[in-house]
Amino acid sequence: MQTHQYDVVIVGAGGAGMRAALEASTRVRTAVITKLYPTRSHTGAAQGGMCAALANVEEDNWEWHTFDTVKGGDYLVDQDAAEVMAKEAIDAVLDLEKMGLPFNRTPEGRIDQRRFGGHTRNHGEAAVRRSCYAADRTGHMILQTLYQQCVKNDVEFFNEFYVLDLLVDHDLAAGDVADGEEVNVSGVVAYELATGQIHVFQAKAVVFATGGAGKIYKTTSNAHTLTGDGMALAYRRGIPLEDMEFFQFHPTGLAGLGILLSEAARGEGGILRNADGERFMERYAPTIKDLAPRDIVARSMANEVREGRGAGPNKDYVLLDLTHLEPAHIDAKLPDITEFARTYLGIEPYTEPVPVYPTAHYAMGGIPTNIEGEVLRNETDVIRGLYAAGEVACVSVHGSNRLGTNSLLDINVFGKRAGRSAAAYAATAPFVELPDAPATTVEAELETIRTRGDGERVADIRRALQETMDANAQVFRTQESLTQALADLKSLRKRYQAVSVQDKSRTFNTDLLEAVELGFLLDIAETVVVGALNRAESRGGHFREDYPNRDDERFMRHTMAYRRPLASADKPAGDGAFDHTEVFDDYQLVLGSKSVTVTRYQPMERKY
Ligand SMILES: Cc1cc2nc3c(=O)[nH]c(=O)nc-3n(C[C@H](O)[C@H](O)[C@H](O)COP(=O)(O)OP(=O)(O)OC[C@H]3O[C@@H](n4cnc5c(N)ncnc54)[C@H](O)[C@@H]3O)c2cc1C
């Protein structure tokens with residue numbers, strides 16, 4: 001075991017992690033730990049854009065952007081956070097421009113902007129051009145730009161190091177730490193892929209920026225590595241996860257594959273059609289049609305298929321039509337995604353419509369934080385020295401449904417804030433003593449799995465998990481489907497206790513790490529399903545066919561999911577509708593809730 005000491009340790013080198021690193025590393029000794037090489041992080045796969053009310057091509061302002069974000073999130077958004085994001089968006093884009101990001105330009109030389117779902121002028125009048133972009137490779141450009149800056153600033157990276165535990169000085173998971181009591185972070189434990197060695201990083205401040213968890217689903221736009229590690233580590237240590245039932249299904253995944261075709265395709269004029277060639281979004285969202293928010297478009301598509309108007313031999317997808325656009329325009333604005341259609345489906349988008357169907361895309365929920373990036377352990381208490389930003393976090397700017405291009409924005413705005421807060425804290429805070437034998441839990445788990453003889457195969461359990469989530473916790477949900485998912489998860493968890501790997505080596509053992517990641521996926525899936533079962537209403541990305549309406553009276557609160565021991569009598573402040581406990585073999589999932597911050601906008605019915 002090796003030990004290291006840094007003022008700030010950042011876990012994750014995607015957009016959020018590297019933006020935080022740029023802030024922290026100039027102020028205090030900072031390390032970035034990442035299981036992937038930084039430039040392989042999923043931020044690099046982002047296509048369509050990053051929004052900010054620059055008003056470069058038409059009238060716009062940050063207040064309209066705030067409103068759209070709140071309405072898009074079906075009023076579960078914390079409005080103070082949305083306001084911060086929309087205001088700071090403008091500098092976030094200009095910061096990237098100054099760092100050298102090659103944005104597309106208007107003929108006058110300004111940063112060009114295009115339309116995206118749910119972004120409107122004057123509170124819903126018409127779609128507005130708010131998304132800044134670099135063709136359909138915006139995330140790639142952001143990731144490369146931030147990485148170059150990190151290299152220039154000598155940020156220290158620990159690449160292919162997997163963080164597998166979070167160290168805090170109180171056992172929150174035991175459920176007996178009183179409200180108001182001071183809880184401090186002391187560091188993290190990591191596993192080095194190349195050597196199999198364990199490293200303990202003592203740190204005054206830790207920033208989690210580990211990204212999303214799309215791999216709980218089979219049909220997903222997410223990379224193989226998005227296994228919810230940071231969320232699961234927090235959850236196992238007794239930190240609640242917020243609003244996990246809200247998962248976004250992006251309307252336009254390549255049918256049958258889930259590979260993403262950016263909403264930019266519709267922003268540039270693409271149209272969705274059913275088997276009859278009808279532009280069906282005119283019926284569901286008469287004002288902004290194909291550019292309605294993702295939850296609405298995804299549901300409308302799934303509904304067309306259910307009602308028999310799907311295209312193709314099995315009538316199981318709809319069509320994204322770009323054939324009316326000039327090929328030169330497609331090549332200039334959408335080069336990568338049209339190439340995906342050619343490569344993976346053998347379709348020529350110049351002349352043929354592309355088969356598409358919703359694909360699991362984005363976790364609206366995550367580790368609860370305030371607008372400074374500090375992690376909350378209940379409605380009000382922060383954990384001193386612990387921060388989170390990006391898709392792993394829930395601040396909550398996306399509420400129950402995120403608008404397209406608001407995530408690349410979120411990672412820049414709140415990555416910066418978390419990095420700055422962590423550095424400021426670490427500049428004066430002392431190191432907190434590490435627990436005795438800090439790596440025991442991690443070492444024991446790894447050795448048990450590595451040395452186990454014949455057992456359950458990782459791929460089998462993962463497939464079963466993804467299949468039940470696709471079948472039972474997707475765009476449409478019911479009490480019955482979710483109860484089925486929960487039963488499946490409970491039995492998969494039992495099977496997971498016997499998981500084994502074929503590769504027994506001590507170095508470069510990716511098999512072993514996939515087994516560990518599968519454990520994270522199971523944790524995340526159970527918080528999604530239990531939250532969804534309890535939320536007997538429909539809001540944003542969570543649609544219950546048995547409760548098709550939004551119910552502000554009972555459910556206009558954030559869900560908080562806590563893992564507690566079976567014996568614990570701890571009942572987090574969860575009132576009324578959130579009073580629910582789900583018993584698993586050797587622990588229980590206790591739900592609580594947290595209030596929604598409302599500043600300017602009272603909840604209204606959501607129409608587009
Ligand atoms: C195909 C696709 C297209 C998208 N397009 C857009 C778009 O156009 N606009 C938009 O706003 N949003 C888009 N999104 C969403 C957006 O890209 C992501 O939400 C965002 O980039 C997430 O950034 P992040 O920094 O939080 O995480 P990531 O970029 O996913 O980075 C996570 C980091 O955490 C590290 N990590 C994870 N677990 C561990 C561990 N256990 N130990 C150590 N390190 C760990 C990884 O190595 C990685 O460096 C898109 C997403 C996808 C999948």
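Start at 1 and go down the list; that is how both ligands and their atoms are numbered.
- Checked against side-chain contact (heavy atoms from CB on, under 4.5 Å), Ala525 has the following partners two or more places apart in sequence or in another chain: Ile216, Leu465, Met469, Leu489.
- When the side chain to side chain donor-acceptor pair (under 3.5 Å) test is applied to Glu242, the partners found at least two apart in sequence or on another chain are His558.
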### Chi angles and distances behind the side chain to side chain contact (heavy atoms under 4.5 Å, CB included) call for Lys333, Asp112
CA-CA 11 Å; Lys333 301 292 177 74; Asp112 196 13; 3.9 Å; yes
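- For Lys71 and Tyr608, the positive end sits near the middle of the six-membered ring, less than 6.0 Å away and at most 45° from its axis.
- Residues satisfying the side-chain contact (heavy atoms from CB on, under 4.5 Å) test with Glu23, not counting sequence neighbours, are Arg19, Arg27, Lys416, Arg420.
- More than 12 heavy-atom neighbours from other residues, nucleotides or ligands sit within 6.0 angstrom of CZ on Arg342.
- Using a heavy-atom distance under 4.0 Å as the criterion, the protein contacts of ligand 1 are Val11, Gly12, Ala13, Gly14, Gly15, Ala16, Ile33, Thr34, Lys35, Leu36, Ser41, His42, Thr43, Ala45, Ala46, Gln47, Gly48, Gly49, Phe161, Tyr162, Val163, Ala209, Thr210, Gly211, Ser221, Asn222, Leu226, Asp229, Leu260, His361, Tyr362, Gly390, Glu391, Arg402, Thr405, Asn406, Ser407, Leu408, Ile411.
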